[in-house]
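Below is one structure; the comments refer to it alone.
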Protein chains: 2
Amino acid sequence: MGPTIADVARAAGVSRSTVSYALSGKRTISDGTRRRVFEAIETLGFTANAGARALATRRTMVLGLLLRFETDEFAPAMLQYVLGITETARVNGYDVLLVTDHDGPAALRRITGSGMVDGVVLLDVLHHDPRVPVLRRAHQPGATVGLPADTEGLDVFDLDFGEAARRVVDHLTALGHREIVLISPPEQVFGRGGAYGWRFRDAAVERAALRGIRLHAHHGEADPPRIPAAVNAVLDARPGATALIVHNDATAATLPSVLAARGVSVPGDLSVVGLYSAGFARTFSLPYTFAESSPGPLGRMAVEALVHRIDPPAGTAGNAYPVTRFIAPDLIDRGSTRPAR
Amino acid sequence: MGPTIADVARAAGVSRSTVSYALSGKRTISDGTRRRVFEAIETLGFTANAGARALATRRTMVLGLLLRFETDEFAPAMLQYVLGITETARVNGYDVLLVTDHDGPAALRRITGSGMVDGVVLLDVLHHDPRVPVLRRAHQPGATVGLPADTEGLDVFDLDFGEAARRVVDHLTALGHREIVLISPPEQVFGRGGAYGWRFRDAAVERAALRGIRLHAHHGEADPPRIPAAVNAVLDARPGATALIVHNDATAATLPSVLAARGVSVPGDLSVVGLYSAGFARTFSLPYTFAESSPGPLGRMAVEALVHRIDPPAGTAGNAYPVTRFIAPDLIDRGSTRPAR
DNA sequence: CTGAAAGCGCTTACAG
DNA sequence: CTGAAAGCGCTTACAG
C-alpha cells in the first residue's frame, strides 16, 4: 500500500538496514546519512508496517483489554478503568485492543494465541474467572484489576474492599450510629463470583460486630427501574437505621432522586456513605461522602506492571515474582454524614 | 512462541501450504488429510500468527475506533456507540483497536500508516474535524458517526438532528404549547464545531417560527456541579414556558433531581422532551419522553459499511459511491408531556 | 559508520 | 488432491 523501507532506502541512497537503524537508533549513524534518511521518510510519508515489524521483533506494541458487559452490571462505572488503561498504555507506547466478546476465554485464546498482543489486562475479574486459567497458559504476561481466587502467575491489582468496609463502618460508628443498612451489589453478582461484593460486605459485618453495632446487609437491584422500590423496601424494613452504606453503582446513581421522593433528607434524616470513584460521583452528581474506588490508579498500575513484564527495565530481574497489590481507599468527606440523633 | 504452521505440517505429515489451505478452505483437501491437519492443530494448540498473516494477506482483521474524551462531553453517552461497534465488528470477524489519543490526527496517521487496521470508525465527528482529511488520505476506508462538513470519500452515518427537532417541536405544538425552552449542548461544543448542536437547534428555531410559537434556545453547562444553577436560571428567565426540550446529556442526566428540588412536577407543571438513547435513559433512570438517538444502529451501520468497503460482497461494485445516511429518530412517549394549560 | 543476507510465519500462484 | 518456493516488509546478527 504505502511506501516500504526499501523505497526509503532507495530515495536516501542507503541500505534498508541503515534506514531501520536510523529509525530505531540502535546503532550510530552519521549525521548526513541520518538527515537524508529522515528527509526521504518525510517526503514519502513512510510509516513502518506494523505486521512486518511484529513478525521480526515478536512485539506488537498492542495490549489486550478484556471487558465483560453483563446486563446486571453498570457500564458507566467501567469507563473510568478503560480511560486510565488506554491513557497509560499510550504513554508507554502501546495501543489497546478492546475485546468485549461474551465468550471471554475464547477471545483471550484468540488474541494471545495469534500473538496480536504483547500482554493482557483483565477487567472485572470473578472469583473463579474462566479467563484466568487461559491467561495463565498464554505466552504473554497478564495483569488483572480485580482479585481472582488463584493469583498464580498474574499481577493483580484491586481495591482493598475489606479495608474500605472497615473505614466506612468506623467512620459511622465514631459518629454514634448504632444501626446501619448496607446495600451490596445484586445477588446475581455474588452468585457469579463477584468477590468484591462479599469482600466488602463480610468485612463490614465483621467490623460492625466488633464495634457492637447492628449492620443489615441487603442486595441491591440490578435493573434501574426496580431500584426505587427496592431501596424503599429496605428502608421500610429497617426503620431504626440512621445510616446507609451503598456499595452498588446502579443504586448509588439513582439514590438522590429516590431519597428525595421519599422525603428523606441527607444527612438530616439519614447519613449516607458510598463506594465509587470521584468520576462516577461527578457523572451522576452524587453528593455523598464516599470511599474512592480508584479506577484510574488501578488501571494505570495494571498497565505499568504489564509493561515491565514485557520489557523489564535494565537492572531489574525480568522474572520477578508476581505481585498482588491492594489500594487502600481514601474516604472523601462530602458532608453526607453527621452524628446520630 | 507458540507452534508455527511448520510444526503443524510436520505433525500432520503434510506441507505447510496444505495446512494453510485446510485452515482457509480455499482449495479442496481430502477428508483424511484434513482430519490429520486439524488433529495436529488441536494437539499442538496452534493459532496462526496474526502479524505473519497480515503481512501475507494485507489484512489485519482489526478496525480502528477513534474516540475523543473532551472534559466537556459526557462520557457515558459514548459507551452506547462503542458497544454497538465492537459487537458488530466481532460478528464480522474483526477486532477493535481503541484509540483515545488527545492528538487524534497523529493517532490516525499512526494506525493507518502502519497498516495496523483495515478500516477506521471515527466517533463524535466535528464540523471541521482535523481527523477527516487524514482519514481521507489513508489507504484504508473510513466511516464516521457524525456529519463532517466535507463527506468526500467517507461513509457517513448520523442521526437526522433536523428531523428530530421538527418532530419534537411538532409534538409539543400539537399539545398546545406556545412557549418552549431548549437546552442545547454547551457553548464550547458549538465553538469546537459540534454540528449536531446547531443542527438540532436551528431546525427547532425554524420550525417554531413556522408554527408561530416562541422557542428560547440556551446552552447547557458542561460541568455537572454547575448544571442545577444553570437550569434554574434558564427556567427563571422564562416563566411563561410550558415545555422544555433537553438536547444535552449532562443536563438530562441530572434533570430529575433539579426539577424535584425546584418543586416542578412533570408533566403537571412542565412538559419535558429529551434527545438521547434508551440505554442512556435506563442508566440515568430518566422518565421523560425522548427522541431516540440510536447509537447502537449508527455504530452498527458504520461498521457494516466499513466491512463492505474492505471486502466488497461478490456481485457488488467495490468502488460504489460513498454514502451519507441519516436515521430519522423515533419519538418514545414516556408520558412526560401533556396539553398546555 | 554501513551493507548484504537470513529470518520472522504466514499465503498463494505455479506445477504436477 | 498436494508440494516447493517466492514473497509480504520489517529487524538484526554478521562482516567489513
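Letters A, B, ... mirror the listed sequences (proteins, then strands); counts begin at 1.
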How close do [X] and [Y] get, heavy atom to heavy atom, and via which atoms?
{"X": "A:A143", "Y": "A:A302", "result": "CB-O, 3.6 Å"}
{"X": "A:R309", "Y": "A:P322", "result": "NH2-CA, 3.3 Å"}
{"X": "A:L55", "Y": "B:L55", "result": "CD2-CD2, 3.6 Å"}
{"X": "A:L23", "Y": "A:F46", "result": "CD2-CE2, 3.6 Å"}

- request: Decide side-chain contact (heavy atoms from CB on, under 4.5 Å) for B:D95 and B:R90; before the verdict, give the C-alpha distance in whole Å, the side-chain angles of both, and the deciding distance to 0.1 Å.
  value: CA-CA 6 Å; B:D95 277 298; B:R90 272 317 299 153; 3.9 Å; yes
Under a 4.0 Å heavy-atom criterion, DNA chain C is touched by chain A from C:dC1 to C:dG9
Stems field, DNA chain D, Watson-Crick or wobble, 3.5 Å, at least 3 pairs, by first number, holds C:1-3 with D:14-16, C:5-12 with D:5-12, C:14-16 with D:1-3
Is the backbone of [Y] close enough, under 3.5 Å, to the side chain of [X] for a donor and an acceptor to pair up by distance?
{"X": "B:R68", "Y": "B:D124", "result": "yes"}
{"X": "A:D155", "Y": "A:V323", "result": "yes"}
{"X": "A:T88", "Y": "A:I85", "result": "no"}

Within residues 13-22 of chain A, those residues having any heavy atom closer than 4.0 Å to DNA chain D are A:R16, A:S17, A:S20, A:Y21
Pairwise distance [atom1]([X]) to [atom2]([Y]) - rounded to 0.5 angstrom:
{"X": "A:T324", "Y": "A:L147", "atom1": "OG1", "atom2": "CG", "answer": "7.0 Å"}
{"X": "B:E42", "Y": "B:E39", "atom1": "CD", "atom2": "CD", "answer": "9.5 Å"}
{"X": "B:L126", "Y": "B:R131", "atom1": "CG", "atom2": "CZ", "answer": "6.5 Å"}

For DNA chain C, determine which residues of residues 39-50 of chain A have any heavy atom closer than 4.0 angstrom to one of its atoms, and list them numerically.
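DNA chain C contact set from residues 39-50 of chain A: none.
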| message | I need the residues from residues 26-36 of chain B with at least one non-hydrogen atom less than 4.0 Å from DNA chain C; give them sorted by number, or say none. | response |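 Only B:K26, B:R27 qualify.
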Let me have the donor-acceptor pairs involving side chains of residues 114-123 of chain B, under 3.5 Å, with sequence neighbours excluded, atom names and distances please.
residue: B:S114; atom: OG; partner: B:R110; partner atom: O; Å: 2.7
residue: B:D118; atom: OD1; partner: B:T60; partner atom: N; Å: 2.8
residue: B:D118; atom: OD1; partner: B:T60; partner atom: OG1; Å: 3.1
residue: B:D118; atom: OD2; partner: B:T60; partner atom: N; Å: 3.1
residue: B:D118; atom: OD2; partner: B:M61; partner atom: N; Å: 2.7

